[in-house]
Structures are given as structure tokens and as C-alpha cells.
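The structure appears below as C-alpha cells.
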Amino acid sequence: MKDLQFDYTKAVRAEQMTAIRPAVEKAMSTLTTGSGAGNDFIGWLSLPKDIEEQIADIEATAKLLREENEMIVCIGIGGSYLGAKAVNEALLSSFSQLEGNKPQVIYAGQNIGEDYLYELQTLLRNRKFGIISISKSGTTTEPALAFRLLKTQLEQQQGKESAKKNIVCITDRKRGALRTLATQEGYKTYVIEDNIGGRFSVLSPVGLLPIACAGFDIRSLIEGAKRMMDICALPFDENPAMQYAAARNILYQQEGKKVELLANFHPKLHYVSEWWKQLYGESEGKDGKAIFPASVDFTTDLHSMGQYIQDGERHLMETVISVEKPNHEVIFPHDEQNLDGLNFLAGKRVDEVNKMAELGTMLAHVDGGVPNMKFTLPCLNEYYLGQMIYMFEFACGISGYMLEVNPFNQPGVEAYKKNMFALLDKPGYEEESKAIRARL
């Protein structure tokens, strides 16, 4: 069976990779031996093997939720929902909501949009729905707000006893508001282990339960991640995670490339890019350092961002995710009038056109001064998504240590919360409220 492949030859030179290899190997050792900053958050390293004993229970819970409900609301923010949404959106039919597939997994708690929540509550009115509430503390504003609203609605529509059977909480083992509530109410629970941060949690119950609820094979996802665990233990020349960390740091430190575009030519990968942006932005963006993670969906964004990428400021690098073999076949037809001038494509698969667009774009961008790296997935399924998820996580840990930051904390995300709480007059923020209002 093929594995995910990485090609850096259109981005950096072989001698650059040779020169940086000792730094990569040192960073990898720091990660795998647990000798670096944030070493109390590296439980994800062995997660694909550690989680196996929970798989049957997660599948059983998902089966109950699927049988009982038309819709399942996954409540979480950041790493508490992005991983699951990335996998689900990559595997679902592009038109699954219009096709009436049941149950649908939908999302809440990732924003504070009043219209969004009103429209969600309207959608759920008089429908059978379940809730997966994901929060370590239970007090993060966005998911806590959504959970209170939807829990109340579920209890009003179905009664407390029925609601209790259709609420699952994924939270801290012992403490926190959500753990206390789940214990009091008797909800089914799963644990977010203390040594696994949110953005590295997709292969834990945080990601696996919503993915299983959407009807996908979480065993295959974990098998792919286990395979990548083995690959990530290989030497540099055979290790795509080490090579990716090396290439992007060469481009950042030696070539002045400050922005990395994660590009795909498959529209189902949009939320994979969203997950990747959080993983790298939150892990590396500290101490005035790091590559800015951005993303584009091609060929769509070639008609909006293509001009800038080709001819704008030369601070960009690009990493392409390519899917080698699509899951379906569409043949382009011949047309007698040929008014669109496309008969030269007649008889070709649409994917052949897409692949030539991919290759032509990469060559054009390299010629335009945008170094290109490329990951190739043999096909888009659970197994290869598992490989890719673990590879990106592992490379992120290495890359963070190469930058000499702690890849596993996120001190900067608290700043907006303090200001928000002060402006909302939350008890305990009186002094901050006075100071902020004086600035307005």
C-alpha cells in the first residue's frame, strides 16, 4: 500500500537540506525524548496506539446518537471542532445536506454570532438532535454559551431524561464546570487528557466521536496515523515530517519567506487547511517569530488571489496537497458545435484537466519566485487523512523547536478574553474595566 509522499525539490536545494539536517535531528530528539519546553503536552505522540482501547466504546456511543437523532451538534472551538470538521468535510458528499443524509453533524460554539445561533435553534426546533459538548474547562465563552442555549432547548423539546441520553461531554477527567455538570446530570463522558492540547486532539475522542457520528471509519483513520507514527521514526531521508520541517525553516530563515500558503486542488480539503492554520499558527506564533499560515483553494482562488501569488511581494512559500486518485470518474464530452473551444478535452477525465492545472500552477509560481512543496495523498479516505494529520502534527513539533519556541502553549490567546470580560463587566475584572473604558 502506498503512503503519503513529500517533494521539496522545487523549494530548496539538496545541499541546504544536508546543512540543516543536524538541527532537524536535534529538534526531533527534543520532541521525542520530552526534553523541551511544553513536554507535559506531548501525549499526542503515542495517541494513535493509546486510543485503540477506546475505539469500540466511541463507536457504540456514535451508533446510539446516530440511531436517535436527525442532527448531532458538535459544540467546540479551535481544536475542539476543527479536526473533526476537517475530516468530515473531506469525506462527506459535497452536497450531503441537500441529499438529506441522516444524521447530519453540524457545529456550534465556534463563534458568538447571534444570527447564527438563532438560525441554528430554529433549524433544531421540533427535530430530534443530540449534543457533543467539547471543552476542557466548560467555561470557554463561545462553546459554553452555545451549550447552555442548546441544552435548554433539548430539555424543553424532549424532556430531561431523553436529553440526558443524547448529550455527550468530552472534558477534563476530574475538574471544571463541564465535568461537574456531566457528573451531576449523568451524561456520557470522554476525557481530554491533561497531556494533549486542543489543536493536537483530533485523534482523541474530541475528533473521533464527531467523525464516527458522521458515519466514517475511525479505525481506518487511526490505522493511517499509526502507519505515520512508524514513518516518523525513520531517518531524515525517509521521513516526510522531518523534511517538511526542514524545508519550511530553510525558506523562512534563509530565504526570507514569511508566509506559507497551504494550497489544494480538491474543494473538500478546505477545512483541512483551516485545521492546519490553527495547528501551525498557535504552535509557532510566539516571541515575534514564525511563518504566517494562510491557505488557498485552487483553482477557485487562482481567479482572486492568483495575481498576488504570481506577481506580488516575494515573501511567500507554497505547500500543495495533491490527491492522486479521485473517488469518482467524470469524462468530458464531445460537442459538435464546439462553441467553447473545449473539444480538445473530449474523452479526458475532469481530473486530468485538474492535474494539469495543478502542475501548471506550481511551475508558474516557482518561475514567479514562490517556492513550492508538495504532499501527495494516494486518495482521499480515512486512512490517508490519518497519515496526513499525524504527519503535520509531528512536523509542527519539530518545526517549533527549530524556532526555539514552546510549540505547545498559547499565551497570546488570553489577551482578547481579558478585554472582553472587562467590557462585559464580568465579576473580578473591575480594575481592567476601568482601565479599558478610559481608553475608549
Side-chain angles (χ1 to χ4, degrees), residues 2-12 86-87 89-95 240 243-244 247-248 251 257 259-277 293-335 337-381 384-385 387-388 391-392:
K2 289 183 177 180
D3 292 309
L4 172 151
Q5 299 294 315
F6 179 58
D7 181 6
Y8 58 81
T9 57
K10 291 181 175 63
V12 297
V87 173
E89 293 294 321
L91 297 175
L92 281 166
S93 164
S94 302
F95 306 101
Q243 293 172 5
Y244 177 52
R248 66 196 302 273
L251 293 169
K257 304 302 182 182
V259 177
E260 180 176 6
L261 298 175
L262 189 69
N264 69 78
F265 285 78
H266 198 305
K268 291 187 178 185
L269 292 175
H270 174 82
Y271 276 95
V272 169
S273 297
E274 295 301 304
W275 169 80
W276 170 88
K277 285 193 291 189
S295 62
V296 283
D297 299 323
F298 290 156
T299 60
T300 302
D301 288 341
L302 288 173
H303 296 261
S304 57
M305 295 300 294
Q307 175 62 43
Y308 184 95
I309 297 168
Q310 189 69 42
D311 288 337
E313 186 174 348
R314 300 298 78 189
H315 62 320
L316 303 175
M317 67 178 88
E318 192 169 55
T319 300
V320 174
I321 302 176
S322 178
V323 178
E324 185 175 348
K325 184 179 179 182
N327 293 323
H328 306 287
E329 182 177 292
V330 176
I331 303 297
F332 196 74
H334 177 84
D335 183 86
Q337 293 190 70
N338 194 30
L339 295 176
D340 54 17
L342 294 180
N343 270 353
F344 72 99
L345 299 177
K348 296 182 185 294
R349 292 185 63 174
V350 170
D351 189 60
E352 183 178 348
V353 182
N354 196 40
K355 287 294 192 301
M356 294 306 101
E358 178 184 300
L359 179 58
T361 301
M362 291 181 67
L363 291 171
H365 288 178
V366 169
D367 290 344
V370 180
N372 259 244
M373 300 173 278
K374 181 178 179 180
F375 286 104
T376 302
L377 301 179
C379 64
L380 193 56
N381 62 20
Y384 290 115
L385 285 169
Q387 283 200 5
M388 183 172 61
M391 186 283 306
F392 274 136

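Throughout, residue positions are numbered sequentially from 1 according to the sequence presented.
Here the side chain of Asn381 pairs no donor or acceptor atom with the backbone of Leu385 at under 3.5 angstrom. Distance alone, capped at 3.5 Å, places no donor-acceptor pair between the Glu89 side chain and the Tyr271 backbone.
Heavy-atom neighbours of Phe265 CZ from other residues, nucleotides or ligands within 6.0 Å: above the threshold of 12. Taking a 6.0 Å sphere around NZ of Lys277, one finds it holds more than 12 heavy atoms contributed by other residues, nucleotides or ligands.
Using a 4.5 Å heavy-atom cutoff, the side chains of Trp275 and Val87 are not in contact. Residues Phe375 and Met391 are in side-chain contact: their nearest non-hydrogen atoms beyond the backbone lie under 4.5 Å apart. Trp276 places none of its side-chain heavy atoms less than 4.5 Å from the side chain of Thr319. Using a 4.5 Å heavy-atom cutoff, the side chains of Arg314 and Val370 are in contact. Met317 places a side-chain heavy atom less than 4.5 Å from the side chain of Arg248. Contact check for Asn264 versus Val272: no side-chain heavy atoms found under the 4.5 Å cut-off. Between Ile309 and His365 the shortest side-chain heavy-atom distance falls below 4.5 Å. Taking the side chain as every heavy atom from C-beta outward, Leu261 and Leu316 approach each other to under 4.5 Å.
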Query raised in the report: side chain to side chain contact (heavy atoms under 4.5 Å, CB included) between Lys355 and Ser322: does it pass, once the steps are laid out?
Result: CA-CA 9 Å; Lys355 287 294 192 301; Ser322 178; 4.2 Å; yes
Query - side chain to side chain contact (heavy atoms under 4.5 Å, CB included) between Lys374 and Thr376, worked out - result: CA-CA 6 Å; Lys374 181 178 179 180; Thr376 302; 3.7 Å; yes
**Report entry** Trace of the side chain to side chain contact (heavy atoms under 4.5 Å, CB included) decision for Leu302 with Gln310
**Finding:** CA-CA 9 Å; Leu302 288 173; Gln310 189 69 42; over 6 Å; no
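Using modelled atom types, one finds no donor on one side chain facing an acceptor on the other under 3.5 Å when comparing Glu358 with Asn354. In this model, no donor atom of one side chain and acceptor atom of the other lie less than 3.5 Å apart for Asp335 and Asn343.
Ala11 and Leu251 make their closest contact through O-CD2, 3.5 Å (heavy atoms, listed as atom of the first residue, atom of the second, distance). Across all their heavy atoms, Lys257 and Gly369 have their closest contact at NZ-O, 3.1 Å. Between Ala247 and Tyr8, the shortest heavy-atom distance links the atoms CB-CB, 4.2 Å. Contact between Asp301 and Val296 at its shortest, heavy atoms only, is OD2-CA, 3.4 Å. In terms of heavy atoms, Ser94 sits closest to Lys268 at OG-CE, 3.4 Å. Scanning both residues, Val259 and Ala294, for their nearest heavy atoms gives CG1-CB, 4.3 Å.
For the atom pair CE of Met356 and CG of Leu345, the computed distance is 11.5 Å after rounding to the nearest 0.5 Å. In this structure, Leu363 CG and Asp367 CG are separated by 6.5 Å, a value rounded to the nearest 0.5 Å. The CE atom of Met305 sits 13.5 Å away from atom OG1 of Thr300, with the distance rounded to the nearest 0.5 Å.
Checked against side chain to side chain donor-acceptor pair (under 3.5 Å), Ser93 has the following partners two or more places apart in sequence or in another chain: Glu99.
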Output side-chain donor-acceptor pairs under 3.5 Å for residues 324-334, partner residues at least two apart or in another chain, one line each.
unit_1, atom_1, unit_2, atom_2, d
Glu324, OE1, Lys2, NZ, 3.4
Glu324, OE2, Lys2, NZ, 2.8
Asn327, ND2, Leu380, O, 3.3

